[in-house]
Amino acid sequence: MCKGIKFTYFANYFLLFLRFGPTSVSMATASVVVLFKMAEQESSSTALPVATEPKKRRAPKAPELPIVERRNWLIHQHYIRKDYETCKVFIKEQLQETNGMCEYAIYVQALILRLEGKIQQSLELFQSCAILNPSSTDNLKQVARSLFLLGKHKAAVEFYHEAARLSEKDWEINHNLGVCCFFIKNFKHAEEHLNTALQINKHHKTFMMLGKVHLLTGDTDKAIDVYKRAVENFPENTELLTTLGLLYLQLGKYQKAFEHLGNALTYDPNNYKAILAAGSMMQTHGDFDVAMNKYRVAACAVPESPPLWNNIGMCFFGKKKYVAAISCLKRAHYLSPFDWKVLYNLGLVHLTMQQYASAFHFLSAAINLNSRMGELYMLLAVALTNLEDGENATRAYEQAVMLDESNPLVNLNFSIFLYNHGDKKAALDQYQEMERKVNLLQDSSSSAEFDPELMDMAQKMRAALQVADNVVWTKPGKDSKSKPNSAAATKTPGAPLGSNQALGQAMSSAVSYNKNIQLPTGASSPDQEPDVDKAPSPPRDPPGSPVPVQTDKPRSSKKKTKGFTHALLFHLLYELSPLFYTTSVFD
């Protein structure tokens with residue numbers, strides 16, 4: 001625009017020069033100079049800014065990752081896809097480029113080695129990660145986990161404490177500290193850490209572990225409270241429901257046990273633990289056919305379960321099918337050759353069938369595995385008595401009396417044995433000890449029920465020894481069903497069962513004692529019976545059982561005469577190990 005104005009003024013100057021000539025050039029020049037200056041001022045005051053094109057914005061350049069992190073994303077992708085072989089290849093390349101200084105590559109390689117079962121090698125790599133990054137709680141937790149898997153629980157506790165100092169509100173650290181303390185038998189600290197973990201996060205695995213701690217310390221009430229809280233928070237967890245049901249079953253609270261086991265089967269009809277527990281409860285009450293139906297369902301899930309075949313065998317025993325019972329029990333023994341309960345049951349069935357040599361074999365094996373159970377020695381003494389080995393039978397009875405402080409049946413059988421061998425004074429001492437145990441059981445439990453056979457044999461023995469009747473037997477009512485799987489002649493609901501669950505129970509019948517005796521002359525019972533009634537032939541029907549099937553009768557080669565019998569009532573304890581099977585959860 002400024003150039004155009006200047007051109008206009010120069011054009012006007014040229015026209016003046018042509019029109020007026022050189023005389024007026026000076027005047028024209030002065031006027032043109034004035035006009036030119038005015039034009040410059042005007043152009044400088046009215047000049048517009050020059051238009052400029054906007055610059056294009058360039059995209060920011062991606063930051064270049066350091067070489068130690070370049071392949072981490074690729075390693076992670078293959079690891080979560082479980083493509084471990086390819087993952088190993090990238091890990092190797094990454095470690096070669098970084099001279100072994102890539103923390104993430106070492107960490108993933110250690111995880112893969114642990115999955116492959118190479119715990120020691122994984123521990124060394126996790127320790128390398130902890131050296132590269134000592135402030136990482138994940139590295140310390142993985143080192144502790146590897147130590148735990150190697151059985152070094154105390155060392156694992158130290159690393160977990162170090163990780164806890166870096167991260168206080170960590171559920172996993174507190175839970176695993178409780179598990180480690182559980183394995184080193186430090187139950188007090190285990191309870192503290194597990195309670196802390198529950199305050200941070202209510203996890204069903206923490207509830208399970210805390211319940212196990214209370215059970216091993218003998219506090220069943222606290223354990224039940226823990227499992228109740230767990231069921232409230234996780235009402236559909238079948239493991240918690242089954243465990244709580246088994247605890248109620250141990251305490252004799254069958255209604256609550258059936259309720260929780262039924263809920264577990266509602267959510268998971270194929271839960272074999274709940275099926276076994278429900279079946280054993282029905283078996284306890286003599287419903288052998290219903291229990292067998294339950295066991296058929298469980299057999300589809302766990303066909304090689306020793307507890308399953310043990311319970312099936314005792315169902316056949318309750319139905320008097322002894323050959324089938326022995327077959328099932330021997331299968332359970334094949335699957336679990338060091339289970340003393342199976343051997344106990346095999347000895348019991350052979351005693352009932354009067355196969356005393358076989359009974360001695362299995363009972364001796366059971367005693368080698370569990371030498372603290374008085375009833376095993378009592379049954380062994382019965383077998384030895386029928387094998388005409390009175391000296392060893394006496395030793396077995398003495399050991400049974402020494403070990404068993406609550407079962408009156410042991411003293412009653414020993415009293416009968418001593419009386420049959422002419423030692424009336426010692427027989428009287430054992431009979432009085434039996435009376436003392438009966439009175440203690442009645443005082444401790446108002447609902448104590450004694451087997452009718454035990455009461456009958458005690459009354460006959462009292463008549464033979466001519467002692468006063470100091471025991472008032474609590475006989476069951478007409479509508480009450482004597483449980484065919486009675487524990488030692490009585491049932492004490494709150495009896496502690498240690499760390500295992502009592503299931504699958506059965507009751508043996510009396511086995512006739514071949515050496516019979518006659519009462520002394522002049523001895524009479526209150527019912528004016530000069531002699532003891534003839535011994536019942538084995539086996540008899542369990543109280544409340546269905547119509548017996550008359551098959552597989554036991555053989556008897558000796559003629560029965562009037563005399564005493566050994567009242568072989570017993571307590572068949574079956575242990576459902578998954579209830580207190582200890583596991584640790586870290587991931």
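As a basis for the values below, the full set of heavy atoms in this structure was taken, side chains included, without hydrogen atoms, waters or symmetry mates.
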Can you name the nearest heavy-atom pair linking [X] to [Y], along with the distance?
| X | Y | answer |
| --- | --- | --- |
| Ala278 | Leu261 | N-CD1, 4.0 Å |
| Leu249 | Ala257 | N-CB, 3.6 Å |
| Cys129 | Ile106 | SG-CG2, 3.5 Å |
| Leu376 | Asn370 | CD1-O, 3.5 Å |
| Asp404 | Lys437 | O-NZ, 3.0 Å |
| Tyr267 | Pro235 | CE1-O, 3.4 Å |

Review point. Step by step, would you call Arg81 with Asp83 a salt bridge (Lys or Arg N to Asp or Glu O under 4.0 Å)?
Key: CA-CA 5 Å; Arg81 294 174 184 173; Asp83 186 4; over 6 Å; no

Between [Y] and [X], do the side chains contain a donor N or O and an acceptor N or O under 3.5 Å apart?
| X | Y | result |
| --- | --- | --- |
| Arg114 | Gln142 | yes |
| Asn139 | Glu103 | yes |
| Tyr254 | His285 | no |
| Thr86 | His78 | no |
| Trp171 | Thr196 | no |
| His260 | Asn263 | no |

Quiz item: Is the distance between the ring centroids of Phe288 and Phe316 less than 6.0 Å?
Solution: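 Between Phe288 and Phe316, the centre distance exceeds or equals 6.0 Å.
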
**Study point:** Ring center gap for Phe126 and Tyr107 short of 6.0 angstrom
**Key:** yes

Quiz item: How many angstroms lie between atom CG of Asn186 and atom NZ of Lys154, to the nearest 0.5 angstrom?
Solution: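 Output value for this atom pair is 9.5 Å.
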
Here the gap from His333 atom NE2 to Leu343 atom CG, rounded to the nearest 0.5 Å, amounts to 5.0 Å

Take Tyr334 and Arg331 through the test side chain to side chain contact (heavy atoms under 4.5 Å, CB included) and record every step on the way to the result.
CA-CA 5 Å; Tyr334 172 80; Arg331 182 167 183 174; 5.5 Å; no

Taking only Lys NZ, Arg NE, NH1 and NH2, and the carboxylate oxygens of Asp or Glu, determine whether [X] and [Y] approach each other closer than 4.0 Å.
| X | Y | result |
| --- | --- | --- |
| Glu116 | Lys88 | yes |
| Lys141 | Asp138 | yes |
| Arg165 | Glu162 | yes |

Taking atom CZ of Phe258 as the centre, does the number of heavy atoms from other residues, nucleotides or ligands within less than 6.0 Å exceed 12?
no

Item to check | Glu304 atom CD, over 12 foreign heavy atoms within 6.0 Å | outcome: no

Q: Take Leu215 and Leu247, measure what side chain to side chain contact (heavy atoms under 4.5 Å, CB included) needs, and give me the verdict at the end.
A: CA-CA 10 Å; Leu215 287 173; Leu247 280 176; 3.5 Å; yes

Practice task
Classify the ring geometry between Tyr104 and His76 as parallel (under 30°), tilted (30 to 60°) or perpendicular (over 60°).
Solution key: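 Aromatic pair Tyr104/His76 classed tilted.
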
- Which word best sums up how the rings of Tyr79 and Tyr84 line up, parallel for under 30°, tilted for 30 to 60°, or perpendicular for over 60°?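 If you compare the ring of Tyr79 with that of Tyr84, the planes turn out tilted.
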
field: Test side chain to side chain contact (heavy atoms under 4.5 Å, CB included) applied to Leu379 and Tyr344, step by step
entry: CA-CA 9 Å; Leu379 295 180; Tyr344 178 102; 4.0 Å; yes

What verdict does the side chain to side chain contact (heavy atoms under 4.5 Å, CB included) test give for Ile80 and Gln77, after you've listed the backbone C-alpha separation in whole Å, the side-chain angles of each residue and the deciding distance to 0.1 Å? CA-CA 6 Å; Ile80 62 176; Gln77 288 291 330; 4.2 Å; yes

